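Lettering of chains follows the sequences in order, A, B, ..., and the numbering in each one begins at 1. Quick caveat: nothing in here was measured; it's all calculated off a predicted structure.
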Amino acid sequence: MLQQTQVETVIPYYERWLNKYPTVNSVASEKIDKLLKIWEGLGYYSRCRNFHEATKEIIKSHNGVIPNQFGVFKSLKGVGNYIAGAVMSIAFNQPYVAIDGNQQRVIARVLGIKNLTQRNRKRLSLYLSQLVNYGNSGDINQALMDLGSSICKPRKVDCTHCPFRLTCKAHKFNDPLGYPIIIAKQKIPTKRFAAMLIRHKDNIFINKRAESGLLGGLWELPNVEIHNGSKSKTLLKEKLGCRFGCEVKVGPKLGAISHAFTHFKMNIDLFDGQLKINPKLKTGEKWVAFSDIDQYAFSKANHKLFELVDVSNG
DNA sequence: AACACGTGGAG
DNA sequence: TCTCCAAGTGT
């Protein structure tokens, strides 16, 4: 849950999750749709799917016991170097490093590392290995992460309160923020979409996204991407008509929302719509009562669409 | 190696 | 409003 996500954001999700799924087996034996509903709003939904897979693997191949060897634990889905190191050191008191963004930045400054090349990452890791080899590896990992999140921040430092102040190279050079060099981000594109609110009595039509990829396994209002200047209404009528195998009547525009992901921005126009006949529902397509919408996991963008029309009140 | 992958906090 | 970035991992 903590992957690229601030601790404060995670806490309520973590508590809800542990309250509902306190054991490995309770996760492994649950349906992914239920897990995604608990995860809804946290983002990076593949983490949820990976965790589900990891628990199933623990039941299937490890007798339900969480592996306490680095290599075995790291082989679980969604577990990389950081998580494996964090669990080995914090949970099992083994001398492994757990290099998150904080530790990387702190040690890069201490060692005066400008460029995070592969070679310099190894220097950094070696330095940390020596630290954790003295013992208390879990506490050391925790402490360095906390140092990075509280006083050795990316764009603001408080060197006078830093335990490394006497030896830190970046501090000595009087340029802590210059270490490591921050790689400029490239601009992200903006994409246009048109979505449709298809009503039938007290139901609306929703469909499930593909299990993998962006927002995998979440539900959404039917939508199409609008490329270079084509007309939203025309595209909705054509593409959704083709998908449902029946004529689609596109009504008035109900509103618009925008939403930002890490790698692109999105503008969505929402249209009212009707299907001329009831289509034969395929897998992942559903009519859902307004009152039952909260049973399904939707992305934040979809909730913004719902807010446009206040579906909960019809 | 580079890019995909969500959302919200903070300045 | 805009930009950066957060307890990274998979492909």
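Between C/dT3, B/dT7, C/dA7, one nucleotide has an atom nearer to the side chain of A/S299 than all others, and that is B/dT7. Considering only the side chain of A/Y44, B/dG6 comes nearest among B/dG6, C/dA7, B/dG9. Listed nucleotides B/dG6, C/dA6, C/dA7 differ in distance to A/P154; the shortest reach to its side chain belongs to C/dA6. For A/Q3, taking side-chain heavy atoms from C-beta onward, the closest of the listed nucleotides C/dT9, C/dC5, B/dT7 is C/dT9. With distances taken from any side-chain atom of A/R155 to the nucleotides C/dT3, C/dC5, C/dA7, the minimum falls on C/dC5. The side chain of A/H263 approaches B/dA4 more closely than any other nucleotide in the set B/dA4, B/dT7, C/dA6. The side chain of A/Q118 has B/dA1 as its nearest neighbour among B/dA1, C/dC5, B/dC5.
Among the protein residues, A/K77 comes within range of the sugar-phosphate backbone only, with heavy atoms under 4.0 Å from sugar or phosphate atoms but none that close to a base. At the heavy-atom level, A/G41 lies under 4.0 Å from the strands shown only through sugar-phosphate atoms. Counting any heavy atom pair closer than 4.0 Å across all strands shown, A/A98 reaches no nucleic acid atom. Residue A/R105 is classed as a sugar-phosphate contact, given heavy-atom separations below 4.0 Å to backbone atoms only. Backbone-only engagement by A/Q186 is indicated by non-hydrogen atom pairs under 4.0 Å involving sugar-phosphate atoms exclusively. Among the heavy atoms of the strands, none lies under 4.0 Å from A/N141. Using a 4.0 Å heavy-atom distance criterion, A/V79 is classed as a sugar-phosphate-only contact. Using a 4.0 Å heavy-atom criterion, one finds that A/Q103 contacts no nucleic acid atom at all.
Judged by distance alone, the side chains of A/N120 and A/R123 do bring a donor and an acceptor atom under 3.5 Å apart.
Rounded to whole angstrom, the span from the CZ atom of A/F51 across to the C1' atom of C/dG8 amounts to 16 Å. Remark: P of C/dG8 and CD1 of A/I99 are 12 Å apart, rounded to the nearest angstrom. To the nearest angstrom, C1' of C/dA7 lies 15 Å from CD1 of A/I107. Atom-to-atom, NZ of A/K187 to P of C/dT3 comes out at 9 Å; the value is rounded to the nearest Å. The CD1 atom of A/I182 sits 9 Å away from the P atom of C/dC4 (whole-angstrom rounding). For the pair A/M1 CE and B/dG8 C1', the computed distance is 16 Å after rounding to whole Å. A/K265 has its NZ atom 10 Å from the P atom of C/dC4, to the nearest Å. The CD atom of A/E8 sits 15 Å away from the P atom of C/dA6 (whole-angstrom rounding).
Residue side chain A/Y82 fails the stacking definition with respect to C/dG8, as its ring centre and the base's six-membered ring centre are not both under 5.5 angstrom apart and under 30 degrees in plane angle.
The pair A/R49-A/E211 counts as a salt bridge, with a side-chain nitrogen and a carboxylate oxygen less than 4.0 angstrom apart.
Ring pair A/H171/A/F173: centre-to-centre distance not below 6.0 Å. Aromatic ring centres of A/F205 and A/W287: separated by under 6.0 Å.
One distance of note links CG of A/L147 with CD of A/Q103; it measures 9.5 Å at 0.5 Å rounding.
Cluster annotation: A/V87 and A/Y14 are assigned to distinct hydrophobic clusters (Ile/Leu/Val/Met/Phe/Trp/Tyr, side-chain heavy-atom contacts under 4.5 Å, transitive).
At the phosphate of C/dG8, OP1 or OP2 sits under 4.0 Å from a side-chain N or O atom of A/Q4. Contact check, A/H259 against B/dT7: a side-chain N or O comes under 4.0 Å of OP1 or OP2. Regarding contacts with the backbone of B/dT7, a side-chain N or O of A/Y45 is found under 4.0 angstrom from either OP1 or OP2. Between A/K300 and B/dG8 there is a side-chain N or O to OP1 or OP2 distance below 4.0 Å.
The nearest heavy atom of DNA chain C to A/G101 and to A/I183 marks one nucleotide each, and the one closer to the 5' end goes with A/I183. Positionally, the nearest nucleotide of DNA chain B for A/S46 lies more toward the 5' end than for the other of A/K153 and A/S46.
Within a 6.0 Å sphere centred on NZ of A/K172, other residues, nucleotides and ligands contribute 12 heavy atoms or fewer.
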